[in-house]
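Data block below; observations after.
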Amino acid sequence: MVAPVAPVPTAAGDRPAPGRGPARRAWLEWLVVVPFLAYVGTFLLYPTALVLAGAFQDARGGFTLDNLVELTRGAYLQAFLRSVELSALTALLGAVLGALLSWAVAAGRPGGALRRVVVAGSGVLAQFGGVPLAFAFLATIGFQGLVTRFLREHLGVDLFAGGAWLFELPGLTLVYTFFQIPLMVIVFLPALDGLRPQWREAVEGLGGSSWTYWRHVGGPVLLPAFLGALLLLFANAFSAYATAAALVSQGSPIVPLQIRGFLTGEVLLGRENLGKALGLGMVVVVAVAMGLYAVVQRRFARWR
Amino acid sequence: MALTRRGVLRTVVLLVLGAYFLVPLLAMLEFSTRGANGTRDLAAWSGIVDDPDLVEAILVSVQLAATSSLLVLVLLVPTMTWVRLRLPRLRRLVEFLCLLPVAIPAIVLVVGMAPLYAWVDYFLGDSPLTLTFAYAVLVLPFAYRAIDSGLAAIDLATLAEAARGLGASWGAVLLRVVVPNIRTALLGAALLSVALVLGEFTIASLLNFDTLQVRVNLIGKRDAGVSIAVSLLSLLFAFALLFLLSFAGGRRGAADGEG
């Protein structure tokens, strides 16, 4: 708790009407947070409420569950399943490879150049890549990409013998790991920094091997952080839109791209609220992942 | 130094993952400098400045980056300071609201913002700078975390009490005591916001505003070379911003150690 700061008596500040003073000042105190609340209410809560309410409305604004029932069928259900599959797979890949990279970086000097470069680079790729990542992969393994041409001209391997996979689910999986690994580095590196060198020395002093250390000390200590990061990566991939939108222009294999169809008017009129139901579905999946993340985080905080 | 098994494994991890991340960047450089018949030229790079629409879109994004970081700082710094000092009961609520955008995918937010922006257009015109409102929502969690750790690192109550005791107004406390003391955190919040806005695509493209990434995506459909050159440029620029940020954070750490 913060002690209230004594008001400074000045000519202007000394005139609250007796009896109404404290109430009036309490009201003024709340006034300071009004701009923030008004802004968040307008540009965050209102649009969110619009999506959540719209999911339960028919074309005339009446209450209905039809939109949600529709999600459990056909193309929409398929898209949800594929989105979950893509997110889970890339979260797992990203978490394991990102943990390895974090470990390799954490073993270096704390303020060293390697660490600065990896952390800054991870920030860029994890959070701000979006469209540029799609183009990075076109330049690398697109039809005329550097690696595609190298393999074709020097090794006689055709990357696209199996079809245009880069623009479909396998391509998305590969490109998504490109921002999942960096996100893992960002969230997992601090946890690795929490490992004390003395613990390893203690294990070695007692005759334990590197395996003993990871099996009985490092692993269990890092497990909550690893699981938390896994959930965060899942939510991250599930929410991602820009990279997929820039890469996949035909069809809508995953939920975010299906929502694009509703916003760009490629879908039948009068079914706009189905797009909102898809939005509600995404919010529920992400909220469950983030809720579990919060639970794991709290447990982790207790362990420290 | 002996080559331990651990050292070897570390080197292998760094080399393999380093290549995984560097090859696409090199490929972008190679692709964007391809000329006719296997020659090298910089046509794609000079194509960036020759395209007036692209230059316009870059300027829009730069302006948006500035206005969005400014808006989020102007909204958050007084609110978070005041809540810490006078309304601690509101702290949970403000934190929840600021972190909420993490749980709402941008693609979902844009569904709800589309009708809202019909009103924004009506009142403020359809300038792309109105995206500032949407972008300040996106950067809210990042800015909140940066400013919160900045405020946690100083003894806000004592500083404010001392300034008030010496006759400073609340405005002066904010601008001349709080802001200078958390300037590294503010710089961090601003740099993160700038990088995020320069890379944003989802909201701009679906609300039909012509920003840098929207234009890059559009150009990519007819001239991959130019869009790959701009992509590389924007990645490197964001990298430079975040690299600078790592030094700013380091300096604060050093200063704290001396104190």
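Because the structure is predicted, anything quoted here is derived from the model rather than measured. Below, read A as the first sequence line, B as the second, and so on, with proteins coming before strands; counting in each chain starts at 1.
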> Is there a side-chain contact (heavy atoms from CB on, under 4.5 Å) between B/Tyr20 and A/Phe178 once you walk through the steps?
Replying inline: CA-CA 9 Å; B/Tyr20 181 68; A/Phe178 213 71; 3.6 Å; yes
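Residues meeting the salt bridge (Lys or Arg N to Asp or Glu O under 4.0 Å) test with B/Arg34, sequence neighbours left out: B/Glu30. Taking the salt bridge (Lys or Arg N to Asp or Glu O under 4.0 Å) definition, one finds that A/Arg115 meets it with A/Asp193, sequence neighbours left out. Residues passing the salt bridge (Lys or Arg N to Asp or Glu O under 4.0 Å) test with B/Asp223: none are found, sequence neighbours excluded.
At a 4.5 Å heavy-atom cutoff, the contact between A/Leu114 and chain B is made by side-chain atoms alone. Interface remark: A/Val118 contributes no atoms to any contact with chain B (heavy atom separation under 4.5 Å). Interface remark: B/Phe21 contributes backbone and side-chain atoms alike to the contact with chain A (heavy atom separation under 4.5 Å). There is no contact between A/Phe238 and chain B, counting heavy-atom distances below 4.5 Å. The part of A/Leu37 that comes within reach of chain B is its side chain, from C-beta onward, which places non-hydrogen atoms under 4.5 angstrom from that chain. Looking at B/Leu90, the atoms closer than 4.5 Å to chain A (heavy atoms on both sides) all sit in the side chain, from C-beta outward. Contact of A/Leu146 with chain B is made through backbone and side chain together, with heavy-atom distances under 4.5 Å. Neither the backbone nor the side chain of A/Leu133 comes within less than 4.5 Å of any heavy atom in chain B. Looking at A/Ala235, there are no atoms closer than 4.5 Å to chain B (heavy atoms on both sides), in backbone or side chain. Heavy atoms closer than 4.5 Å to chain B are found in the side chain of A/Tyr39, but not in its backbone. Heavy atoms closer than 4.5 Å to chain A are found in both the backbone and the side chain of B/Leu196. Looking at A/Leu174, the atoms closer than 4.5 Å to chain B (heavy atoms on both sides) sit in the backbone and in the side chain alike. With a 4.5 Å cut-off on non-hydrogen atoms, A/Val40 touches chain B through its side chain but not through its backbone. Heavy-atom distances place both the backbone and the side chain of B/Leu109 under 4.5 Å from chain A.
Considering only heavy-atom pairs separated by less than 4.5 Å from chain A, the leading option among B/Gly18, B/Ala27, B/Gly199 is B/Ala27. In terms of non-hydrogen atom pairs under 4.5 Å with chain A, the most contact-rich of B/Met80, B/Met113, B/Met28, B/Glu200 is B/Met28. When each of B/Val83, B/Asn208, B/Val94 is scored by its heavy-atom pairs under 4.5 Å with chain A, the top score falls to B/Val94.
Using non-hydrogen atoms only and a strict 4.5 Å limit, the part of residues 125-132 of chain A facing chain B consists of A/Leu125, A/Gln127, A/Phe128, A/Gly129, A/Val131, A/Pro132.
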